[in-house]
Amino acid sequence: MPRVRSRSTVPARFASRITECEGVAAMVVKKTAAKKTTPAKKAATVAKKTVAKKTVAKKTGAKKVVAKKTAAGAVASAVPASRAADEPGVLPVRPGEDPWSAAEVLQARAELLAEAERLRAEIASSEASVAGLLRDSGGGAGDDDADTGSKNISREHEMSLAATARETLAQSEHALERLDEGTYGRCESCGNAIGKARMQAFPRATLCIDCKQRQERR
């Protein structure tokens with residue numbers, strides 16, 4: 001093996017060169033190590049940020065779900081239990097009254113359907129009469145004041161009849177909807193039973209006697 005000379009035996013002109021080379025080699029090693037370490041640190045930092053984002057997303061999602069459930073519960077609890085739809089086929093009655101029988105429910109439905117059909121025919125007749133009066137008034141240039149006044153009164157009367165019939169028809173259709181929903185016979189104001197006797201006398205009633213009297217006093 002060749003004998004390695006110690007630095008003390010190397011000439012002075014080469015010793016400075018060797019020192020410079022060693023310094024350059026040390027700098028290269030440090031830069032290489034720094035480059036290798038930097039990507040690892042960046043990867044670790046990115047991994048930590050990703051985990052943090054996922055954790056925040058999970059927490060936010062949980063809060064949103066809880067908020068939705070809470071809102072739904074609030075809406076459900078805001079509706080009084082007395083105003084909720086009754087069981088199908090079971091209509092509310094006042095204390096001391098007999099329950100609605102199937103035949104009585106069918107009779108109430110038949111009366112409301114017949115009334116709705118009659119009102120539709122009445123509305124169509126009134127609208128036809130109004131159209132005829134408007135047509136006659138347009139061609140009555142030679143009519144005197146009495147004729148013109150009579151036609152105006154007839155037209156207003158027919159229009160009033162049609163408006164009343166439309167309102168009653170809307171009430172009848174609403175009563176049929178309440179029958180389908182199982183809320184027929186329940187007061188829409190206080191939620192108590194209107195009363196079987198009152199519903200049979202006024203099939204379109206939506207308020208009990210107390211609430212109706214309170215409404216009329218306003």
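- For Leu207, the side chain to side chain contact (heavy atoms under 4.5 Å, CB included) partners are Cys187, Ser189, Cys211, Lys212, Gln215, not counting sequence neighbours.
- In this structure, Glu156 has no salt bridge (charged side-chain N to carboxylate O under 4.0 Å, His left out) partners at least two apart in sequence or on a different chain.
- Considering every non-hydrogen atom in both Cys208 and Ala193, the closest pair reads CB-O, 4.3 Å.
- Judged as a side chain to side chain donor-acceptor pair (under 3.5 Å), and not counting sequence neighbours, Glu177 has no contacts.
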Compile the donor-acceptor pairs under 3.5 Å between side chains in residues 114-123 and protein atoms, sequence neighbours left out, one pair per line.
from, atom 1, to, atom 2, distance (Å)
Glu115, OE1, Ser172, OG, 3.3
Glu115, OE1, Arg204, NH1, 3.1
Glu115, OE2, Arg204, NH1, 2.5
Arg118, NH1, Glu122, OE1, 3.2
Arg120, NH2, Glu173, OE2, 3.1

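- The structure places CD of Gln107 at 8.5 Å from OG of Ser101, a figure rounded to the nearest 0.5 Å.
- Grouping the Ile, Leu, Val, Met, Phe, Trp and Tyr side chains by contacts below 4.5 angstrom, directly or via other members, places Leu169 apart from Leu112.
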Decide side-chain contact (heavy atoms from CB on, under 4.5 Å) for Ser126 and Leu161; before the verdict, give the C-alpha distance in whole Å, the side-chain angles of both, and the deciding distance to 0.1 Å.
CA-CA 7 Å; Ser126 297; Leu161 289 177; 4.0 Å; yes
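- Under the 4.5 Å side-chain heavy-atom criterion for grouping Ile, Leu, Val, Met, Phe, Trp and Tyr, Tyr184 is connected to Leu113 within one hydrophobic cluster.
- For the pair Leu133 and Ser154, the minimum side-chain heavy-atom distance is below 4.5 Å.
- Under the salt bridge (charged side-chain N to carboxylate O under 4.0 Å, His left out) criterion, Arg109 pairs with Asp180, sequence neighbours left out.
- Looking at Arg186, its side chain never comes within 3.5 Å of a backbone N or O of Arg178 through a donor-acceptor pair.
- When all heavy atoms are compared, the tightest approach of Ala205 to Met199 is O-CE, 3.5 Å.
- One hydrophobic cluster, built from ILVMFWY side chains closer than 4.5 Å, holds both Leu134 and Met159.
- In this view, His174 and Glu188 satisfy the side chain to side chain donor-acceptor pair (under 3.5 Å) rule, not counting sequence neighbours.
- Applying the under-4.5 Å side-chain rule to Ile, Leu, Val, Met, Phe, Trp and Tyr, the cluster around Ile209 consists of that residue alone.
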Tell me, with the steps shown, if Gln200 and Trp100 meet side-chain contact (heavy atoms from CB on, under 4.5 Å).
CA-CA 11 Å; Gln200 288 176 333; Trp100 287 83; 4.0 Å; yes
Run the numbers on Asn152 and Arg155 for side-chain contact (heavy atoms from CB on, under 4.5 Å), then give the verdict.
CA-CA 5 Å; Asn152 289 338; Arg155 183 173 66 251; 2.8 Å; yes
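- Shown here are the side chain to side chain donor-acceptor pair (under 3.5 Å) partners of Asp210, two or more places apart in sequence or in another chain: there are none.
- Qualifying side chain to side chain contact (heavy atoms under 4.5 Å, CB included) partners for Ile153, counting only residues two or more places apart in sequence or in other chains: none.
- Here salt bridge (charged side-chain N to carboxylate O under 4.0 Å, His left out) pairs that include residues 92-106, with residues two or more places apart or in two chains, are Glu104-Lys196.
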